[in-house]
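Data block below; observations after.
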Amino acid sequence: MVEYSSPNTNKPLHLGHLRNNFLGYSVAEIYKAIGYTVHKVQIINDRGIHICKSMAAWSLFGNGETPDSSGLKGDKLVGKYYVEFDKAYKQQVKKLEGDGMPTPQAERDAPIMKLAVDMLQKWEAKDQPTLAMWKTMNGWVYKGFEATYTRMGVDFEKLYYESDTYLLGKEEVLKGLAAGVFFKKDDGSIWVDLTADGLDQKVLLRADGTSVYMTQDIGTAILRFRDFPKIEGQVYTVGNEQEYHFKVLFLILDKLGYAWAKKCFHLSYGMVDLPSGKMKSREGTVVDADDLMEEMVEDASEQTLELGKTEGMSENEVADLGEMIGLGALKYFLLKVDPKKRMLFDPNESISLQGHTGPFIQYTHARIRAMLRKAEERGAVQAFDPALLSGLEPSERDVIARINQYPAKLQEAAREYSPAVVANYVYELAKDYNQFYQTIPVLIESDPSKLAFRLAFSQMVATVLRSGMSLLGIRVPERM
RNA sequence: GGUCCGGUAGCUCAACUGGAUAGAGCAUCAGCCUUCUAAGCUGACGGUUCCGAGUUCGACUCUCGGCCGGAUCACCA
């Protein structure tokens, strides 16, 4: 089982989520390719103070605004009110401080914060109007996310919601307490002691009985193994800032006696940084996922048109090609780097379509396919004559040797949880093939067995390119 | 401060897990379209693999010690 994406429901998806989604999707596909049955899931963080902040701001300033009335995507609308909350909150804190209130108290007493906290409490008490607003606003967000996921080309077999799993987490924690795995402090809060494992003590349930992040994750993990009893393990695609959290989670599950805890893996990846440093929503430096995809597709479409590649294509084909190339460039850019490493993204320097890029590989595929179509028209056949293997040209030998590496590369990619291995391999293959293509004009070959042989391995290259790229979630065109 | 991750060409990244001359792309410069798509190909330029020891026939890779960058060590998620 591979978990990925797992956003908060208070703001839209951004560049960091793109890396997460492409990574998780790709790792799942890679495991499928080597024979596993894979379930793609995510946990949606649909409850908590963050969504209450958006709710508070919307109830104060929203005037009943909806996605329909405003024409805004649902997630964008809710995100807008999250920003509104932050603005109003800061103003209120400043004002209270100006009136001589100490900062911590001002932060607590700002009216809009009080409203958000009040909503959280009402939510937990199942207050109907609050629940209704929560459902409505989350519904907007889900619809918005859905559109984003569709364009990204990612999918999920099952969605988990924290609002459904945190109670199970609580139960499990109480069971663990009864079993002596956890302990209770005087104030009533429940803890786990991991000092023997070199870690600290961690709180699992607050004194007031409410759950923390860890509680929910315990419940979610257990629920998944109940839902899918056959799964061997879980992969959590989550940023490296949560490494400690998962170390603790896996230890706790192990202590609770779940043998599969040892088969849980945190696919930890580095942040995507901007030239200015980290993305900060408060500073407005967040690169929005929808916007970025749109820009990539527009750029790609423009360049495709300029290069005169669209001749003879229908409007739909042209649009689809732009989509394929733009998203291919973006996905490849994010996946070619080792997941562990943090990476740099410069929004001013748009992602290149030349060189070590997705479109380079797409182009190689399209060119092979064009050649093969022409060969077919001429009635040429594909045939693999092993006798020819001894007299290969160097460029042919390189290509064939490269093709043969594919299965091993898939194993390696799976073992390392690294789509980058596939991405780099596919690039090498395309590069080798282009060299061959440049030195040996295939179609003018007069020896029929040589011609058939070259056509055969050219087709094989096209197939491997298509296959490898599909593991990265990237489609390849028949012409471009 | 403890733990984890990273540091390779001006920039972005590789390097089959210890093998031979450390490779690509971008950028710069010079070439290649009367042969299948030039989003391509060829060449030039570019390296003290952060530093210092050690292990080894052999180290970008392993060990130890430093330096730099990031993350984390919350009754936040």
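What you see below is based on every heavy atom in this structure, not just the backbone, and it leaves out hydrogens, waters and symmetry mates. Every chain is numbered from 1 and lettered A, B, ... according to where its sequence line falls, protein lines coming before strand lines.
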**Nearest to side-chain heavy atoms of A:Lys341, which nucleotide of B:C75, B:U8, B:A71** = B:U8
**Message:** Rounded to whole Å, please give me the gap between CZ in A:Phe436 and P in B:U42.
**Reply:** 14 Å
**Prompt:** Is there a Watson-Crick or G-U wobble partner for B:U3 with both distances under 3.5 Å, and if so, which one is it?
**Reply:** B:A71
**Message:** Expressed as a whole number of angstroms, how long is the span from A:Met113:CE to B:C76:C1'?
**Reply:** 11 Å
**Asked** Taking 4.0 angstrom as the limit, do A:Asp398 and A:Arg402 come out as a salt bridge?
**Response** no
**Prompt:** Using atom P of each nucleotide, how far apart are B:A22 and B:C45 to the nearest Å?
**Reply:** 15 Å
**Message:** Students often get this wrong, so: under 4.0 angstrom with heavy atoms, is A:Gln242 touching a base, only sugar-phosphate, or nothing?
**Reply:** base
**Prompt:** Should B:G31 form a Watson-Crick or G-U wobble pair with both distances under 3.5 Å, which nucleotide is its partner?
**Reply:** B:C41
**A:Met324 backbone acceptor or donor facing A:Gln362 side chain under 3.5 Å** = yes
**Request:** Kindly say whether A:Gln435 contributes a backbone atom to a donor-acceptor pair with the side chain of A:Thr439 at under 3.5 angstrom?
**Result:** yes
**Request:** Assign A:Glu428 to base, sugar-phosphate, or nothing according to its heavy-atom contacts below 4.0 angstrom with the strands shown.
**Result:** nothing
**Request:** Measure from the side-chain N and O atoms of A:Lys336 to the backbone N and O of A:His356, and report whether any donor-acceptor pair falls under 3.5 Å.
**Result:** yes
**Request:** If the plane angle is over 60° it's perpendicular, under 30° parallel, otherwise tilted; pick one for A:Phe453 and A:Phe384.
**Result:** parallel
**Prompt:** Ion pair present between A:Lys114 and A:Asp118, side-chain N to carboxylate O less than 4.0 angstrom?
**Reply:** no
**Prompt:** Which listed nucleotide (B:A38, B:A71, B:C41) is nearest to the side chain of A:Gln435?
**Reply:** B:C41
**Message:** Of the options B:G70, B:A77, B:U72, whose atoms approach the side-chain atoms of A:Arg342 most closely?
**Reply:** B:G70
**Request:** Please tell me which of the listed nucleotides, B:U72, B:A74, B:C36, lies nearest to the side chain of A:Leu443?
**Result:** B:C36
**Item:** Base-pairing mate for B:C36 - Watson-Crick or G-U, with both contacts under 3.5 Å
**Value:** none
**Ring centers of A:His266, A:Tyr236 separated by less than 6.0 Å** = no
**Request:** In whole angstrom, give the distance that lies between atom CE of A:Met324 and atom P of B:A39.
**Result:** 18 Å
**Message:** For B:A14 and A:Asn424 - does any side-chain N or O of the residue sit under 4.0 Å from the phosphate oxygens OP1/OP2?
**Reply:** no
**Item:** B:U37 base / A:Lys309 side chain donor-acceptor hit below 3.5 Å
**Value:** yes
**Prompt:** How many Å lie between CG on A:Leu120 and C1' on B:C76, as a whole number?
**Reply:** 12 Å
**Request:** Looking at every strand, decide which applies to A:Tyr244 at a 4.0 Å heavy-atom threshold: base, sugar-phosphate, or nothing.
**Result:** sugar-phosphate
**Request:** Please determine, for B:G65, whether a Watson-Crick or G-U wobble partner exists with both distances under 3.5 Å, and give it or none.
**Result:** B:C51
**Asked** How close or far is atom C1' of B:C75 from atom NZ of A:Lys185, stated in whole angstroms?
**Response** 10 Å
**Message:** Between B:A59 and B:A53, how many Å separate the two P atoms, rounded to a whole number?
**Reply:** 14 Å
**Prompt:** Touch check for A:Ile51, heavy atoms < 4.0 angstrom, all strands: base, sugar-phosphate only, or nothing?
**Reply:** nothing
**Request:** Report the C-alpha separation of A:Trp191 and A:Phe182 in whole Å, then their side-chain angles, then the decisive distance to 0.1 Å, and conclude whether the side-chain contact (heavy atoms from CB on, under 4.5 Å) test is met.
**Result:** CA-CA 6 Å; A:Trp191 293 69; A:Phe182 308 136; over 6 Å; no
**Between C1' of B:U12 and CD1 of A:Ile351, the distance in whole Å** = 12 Å
**Request:** Pick the P atom in B:G6 and in B:G10, then give their distance to the nearest Å.
**Result:** 23 Å
**Item:** Closest-nucleotide ordering on RNA chain B, the 5'-leading residue of A:Lys409 and A:Met480
**Value:** A:Lys409
**Prompt:** Nearest-Å distance, CG (A:Leu274) to P (B:U12)?
**Reply:** 14 Å
**Complete:** The nucleotide from B:A14, B:A39, B:G6 with an atom nearest the side chain of A:Lys340 is B:G6
**Message:** Angle between ring planes, A:Phe345 versus A:Phe333, binned at 30° and 60°: parallel, tilted or perpendicular?
**Reply:** perpendicular
**Prompt:** Would B:U35 be called syn or anti, given that syn covers angles within 90° of 0?
**Reply:** anti
**Request:** Using heavy atoms and a sub-4.0 Å distance, could you list which residues of residues 361-380 of chain A are near RNA chain B? By number, please.
**Result:** A:Tyr363, A:Ala366, A:Arg367, A:Ala370, A:Met371, A:Lys374
**Asked** To the side chain of A:Asn45, which of B:U72, B:A14, B:A77 is closest?
**Response** B:A77
**Prompt:** Can you give one letter per nucleotide of nucleotides 25-34 of chain B, going 5' to 3': B for a protein heavy atom under 4.0 Å from the base, S for sugar-phosphate only, - for none?
**Reply:** SS--------
**Item:** Atom P, compared across B:U61 and B:U21: separation rounded to whole Å
**Value:** 16 Å
**Complete:** Expected label for B:C33 (glycosidic angle, syn inside 90° of 0, else anti) would be syn
**Item:** Integer angstrom distance from the C1' of B:G46 to that of B:A27
**Value:** 11 Å
**Prompt:** Between A:Asn8 and A:Asn45, does any side-chain donor sit less than 3.5 Å from a side-chain acceptor?
**Reply:** yes
**Request:** In whole angstrom, give me the gap between the P atoms of B:C76 and B:G70.
**Result:** 27 Å
**Asked** A:Ser458 and side-chain contact (heavy atoms from CB on, under 4.5 Å): which partner among A:Arg369, A:Gln382, A:Met371?
**Response** A:Met371
**Request:** Using only heavy-atom distances, decide whether a donor-acceptor pair under 3.5 angstrom links the side-chain of A:Asp208 to the base of B:C75.
**Result:** no
**Asked** For B:G23, which nucleotide is its Watson-Crick or G-U wobble mate, given both distances must be under 3.5 Å?
**Response** B:C13
**Message:** Side chain of A:Leu353, heavy atoms from C-beta onward: which of B:U72, B:A77, B:A39 has the nearest atom to it?
**Reply:** B:A39
**Message:** Between P on B:C36 and CG on A:Asn434, what's the gap in Å once rounded to a whole number?
**Reply:** 15 Å
**Asked** Do the ring planes of A:Phe85 and A:Tyr89 sit parallel (below 30°), tilted (30 to 60°) or perpendicular (above 60°)?
**Response** parallel
**Asked** Taking atom P in both B:U42 and B:A24, what distance in whole Å separates the two?
**Response** 9 Å
**Asked** Any Lys/Arg nitrogen of A:Lys374 or A:Glu377 sitting under 4.0 Å from an Asp/Glu carboxylate oxygen of the other?
**Response** no
**Message:** Does A:Ile444 reach a base, just sugar-phosphate, or nothing at all? Heavy atoms under 4.0 Å.
**Reply:** base
**Message:** Any strand counts, and the cut-off is 3.5 Å on both contacts for Watson-Crick or G-U wobble. Which nucleotide pairs with B:A59?
**Reply:** none
**Message:** Test your reading of the model: is there a side-chain donor-acceptor pair from A:Ser54 to the backbone of A:Val78, 3.5 Å cut-off?
**Reply:** yes
**Prompt:** Does a nitrogen or oxygen in the side chain of A:Arg206 sit under 4.0 Å from OP1 or OP2 of B:C76?
**Reply:** yes
**Message:** At 4.0 Å (heavy atoms only), tell me whether A:Val442 reaches a base, stays on the sugar-phosphate, or touches nothing.
**Reply:** base
**Asked** Using a cut-off of 4.0 Å on non-hydrogen atoms, how would the nucleic acid contact of A:Asn8 be classed: base, sugar-phosphate, or nothing?
**Response** sugar-phosphate
**Message:** Does A:Met343 reach a base, just sugar-phosphate, or nothing at all? Heavy atoms under 4.0 Å.
**Reply:** sugar-phosphate
**Request:** Write down the distance separating the C1' atoms in B:C11 and B:G19, rounded off to the nearest Å.
**Result:** 30 Å
